[in-house]
Number of protein chains: 2
Amino acid sequence: MALPETRSEQLARALEDDICAGRALPGMRLDEQVLAQRFGTSRTPVREALKMLAAQGFVEIRPRQGAVVVGLDVRQVLELFEIMAVLEGLCARLAARRMTPAERADLMAVHGECQRLAAAGDPDVYYAMNTRFHEVIYAGSHNRQLEEETRRVRNRLSPYRRNQLHQLGRVAKSVQEHDDVVRALLEGDPDRAESLMRRHIGIQGDGLSDFVSNMSTPQAVSSPPPALAGTLGRPTIVR
Amino acid sequence: MALPETRSEQLARALEDDICAGRALPGMRLDEQVLAQRFGTSRTPVREALKMLAAQGFVEIRPRQGAVVVGLDVRQVLELFEIMAVLEGLCARLAARRMTPAERADLMAVHGECQRLAAAGDPDVYYAMNTRFHEVIYAGSHNRQLEEETRRVRNRLSPYRRNQLHQLGRVAKSVQEHDDVVRALLEGDPDRAESLMRRHIGIQGDGLSDFVSNMSTPQAVSSPPPALAGTLGRPTIVR
DNA sequence: AGTCATCTTCATGCATGCAAGACGGACAAT
DNA sequence: ATTGTCCGTCTTGCATGCATGAAGATGACT
């Protein structure tokens, strides 16, 4: 019954995954032929996949000049965070009113895991569970369009968040903020859930400005994109 | 200096426009060859345009079965309105803090036009100016990503809003709500601007439920899509 | 040496060709 | 009359070919 997926869709997912996971860094050139060979197809499905990713903001296609992974400058990242804050805030608001008992149990379970992993201290492991935590809330909104939209923005930002949690004390702070959100959610207080979530994601507080000043703009190994020239003035970071 | 636009981009814009303007109704089949002939190209750029539109949620491509204009059921429309409310709300919030004097003047001018046209009484003419009103606020947010995102959601909803203003008294109510928003914006009150805008768009109040019950789900002239079967139980509406 | 013009090379944008799968109709069986 | 099967037709998905325009290299000139 699994509906057959076309090559172009597979490629689009694979490429998006590469971008989100940081395997394809912003600014990286995406050569059609190279990709075609790598995936064992012709250029046609590759092109279609790139067009889809371009339509979603993951890559930029400059006519006759090929596709590159989108490189966001600081300003654009901040802009997306502003959007992210209200979208996640809305998720929380709706979730507070709509989550089923099973979903609430899920939330508590995942939150518990978060707390455990936070104490364990590995930011990368925590990062994964943190993602699941937020996903549970997206789903709890019972709004599919919102879920997809929020995930899309999150994915677009993901190349820039990887190191966010490596700041000293950020994990502890994150899990504490989660705790507050969870409480509001379980008490069914939409206003508080929304505002706490907005603060958790958003510009308020010092989290983001710290983030900005510590931000290591991911750069491509090859051919830094013009769009990124001078964003942070930092040379190529190989990480 | 106008950077050359590829055919696939032109096609994508043209098709999106057809959909938003209601010339291509939800459920309508988009045949590659027909479109290719209509626009005087081969199928390739048409396919690429369709892929882009699919990635943005305007059309649905079912493998081996072709593309159709997405048909949203009532639930999905409501979901998008929930998103729309927070996005426009955020636009208003940011605009309250960031609009330049020139932009404020613009806003007042457009609002004035809205009032004039509202009094004149033609909902369709008002609709156009209403769109401009909201666009001014998007721009006033000084957040490009948000601007684009909000416009995209608005466009996705546009086939379903056309008749919204034809309800008795809706125009008057709309312009009154605009007036409140404008006041908050000009006073630089972000909280009030956001909450008023959310209410203007959103589910609160009776506007939307009226809208729902009066909603004439746009249907394709040919081949009603399976996704729409039973959404409102109404037979094909030719309008 | 540095700057500018020309040329070469190559990737992209689009057209076309071909095979596989889906829809529709005819026909047979119940 | 209805259901199920088979077959023809058509559209899509992908591969390939070709022309255009861009990036880089070479060389001339200031």
Side-chain angles (χ1 to χ4, degrees), chain A residues 1-15 24 27-55 58-71 220-229, chain B residues 1-16 24 27-55 58-71 220-229 236:
Chain A
M1 261 312 260
L3 76 158
E5 208 178 21
T6 61
R7 250 72 121 197
S8 49
E9 287 167 12
Q10 295 173 7
L11 293 188
R13 278 195 308 122
L15 289 176
M28 192 173 102
R29 179 78 180 280
L30 297 174
D31 187 282
E32 294 179 3
Q33 308 203 58
V34 171
L35 292 174
Q37 287 191 334
R38 180 141 76 85
F39 291 99
T41 72
S42 82
R43 282 173 46 221
T44 305
V46 173
R47 282 180 62 77
E48 292 179 352
L50 290 176
K51 291 286 186 185
M52 290 193 273
L53 293 177
F58 288 99
V59 309
E60 185 184 345
I61 301 179
R62 288 207 283 291
R64 292 260 168 216
Q65 299 183 41
V68 298
V69 179
V70 160
V221 184
S222 64
S223 73
L228 272 180
Chain B
M1 261 314 257
L3 75 159
E5 208 178 21
T6 61
R7 258 142 261 223
S8 49
E9 286 166 12
Q10 294 173 7
L11 293 188
R13 277 194 309 119
L15 289 176
E16 180 176 335
M28 191 173 102
R29 179 79 181 281
L30 297 174
D31 187 282
E32 295 180 3
Q33 308 204 58
V34 172
L35 292 174
Q37 287 192 334
R38 181 141 76 85
F39 290 100
T41 74
S42 83
R43 281 173 47 222
T44 305
V46 173
R47 283 180 61 77
E48 292 179 353
L50 290 176
K51 291 284 185 186
M52 290 193 273
L53 293 177
F58 288 100
V59 309
E60 185 184 345
I61 300 179
R62 288 208 283 293
R64 294 257 168 218
Q65 292 174 235
V68 298
V69 178
V70 159
V221 185
S222 63
S223 72
L228 271 179
T236 302

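If you're wondering where the values come from, they're calculated on a predicted model, not measured in any experiment. Just so it is clear: chains get the letters A, B, ... in the order the sequence lines come, proteins before strands, and each one is counted from 1.
- Scored by the side chain to side chain contact (heavy atoms under 4.5 Å, CB included) test, B:Ala24 finds B:Asp18, B:Ile19, B:Met28, B:Val69 as partners (sequence neighbours excluded).
- A:Gln10 has its CD atom 13 Å from the P atom of D:dG13, to the nearest Å.
- One can place CD of A:Glu5 at 10 Å from P of D:dC14, the figure rounded to the nearest angstrom.
- When all heavy atoms of B:Leu50 and B:Ala67 are compared, the pair lying nearest together is CD1-CB, 4.0 Å.
- Contact record, B:Ala49 with B:Ala12: CB-N, 3.6 Å, taken as the closest heavy-atom pair.
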Distance-only check: which donor-acceptor pairs under 3.5 Å involve side-chain atoms of residues 32-40 of chain A, not counting sequence neighbours?
residue, atom, partner, partner atom, Å
A:Glu32, OE1, A:Arg43, NE, 3.0
A:Glu32, OE1, A:Arg43, NH2, 3.1
A:Glu32, OE2, A:Arg47, NH1, 2.8

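- Not one side-chain nitrogen or oxygen of B:Gln65 sits closer than 4.0 Å to the OP1 or OP2 atom of D:dT11.
- For the pair B:Arg62 CZ and D:dT12 P, the computed distance is 13 Å after rounding to whole Å.
- Every side-chain hydrogen bond (donor to acceptor under 3.5 Å, both in side chains) that B:Thr6 has, sequence neighbours left out, goes to B:Ser8.
- The stretch residues 37-53 of chain B touches DNA chain D through B:Arg43, B:Arg47, each having a heavy atom within less than 4.0 Å of the strand.
- In this structure B:Thr44 satisfies the side chain to side chain contact (heavy atoms under 4.5 Å, CB included) test together with B:Ser42, B:Glu48, sequence neighbours excluded.
- The shortest non-hydrogen separation linking A:Val68 to A:Arg62 is CG2-NH1, 4.5 Å.
- The outermost nucleotides of DNA chain C lying under 4.0 Å from heavy atoms of chain A, listed 5' to 3', are C:dA11 to C:dG13.
- No side-chain heavy atom of A:Leu30 sits under 4.5 Å from any side-chain heavy atom of A:Val46.
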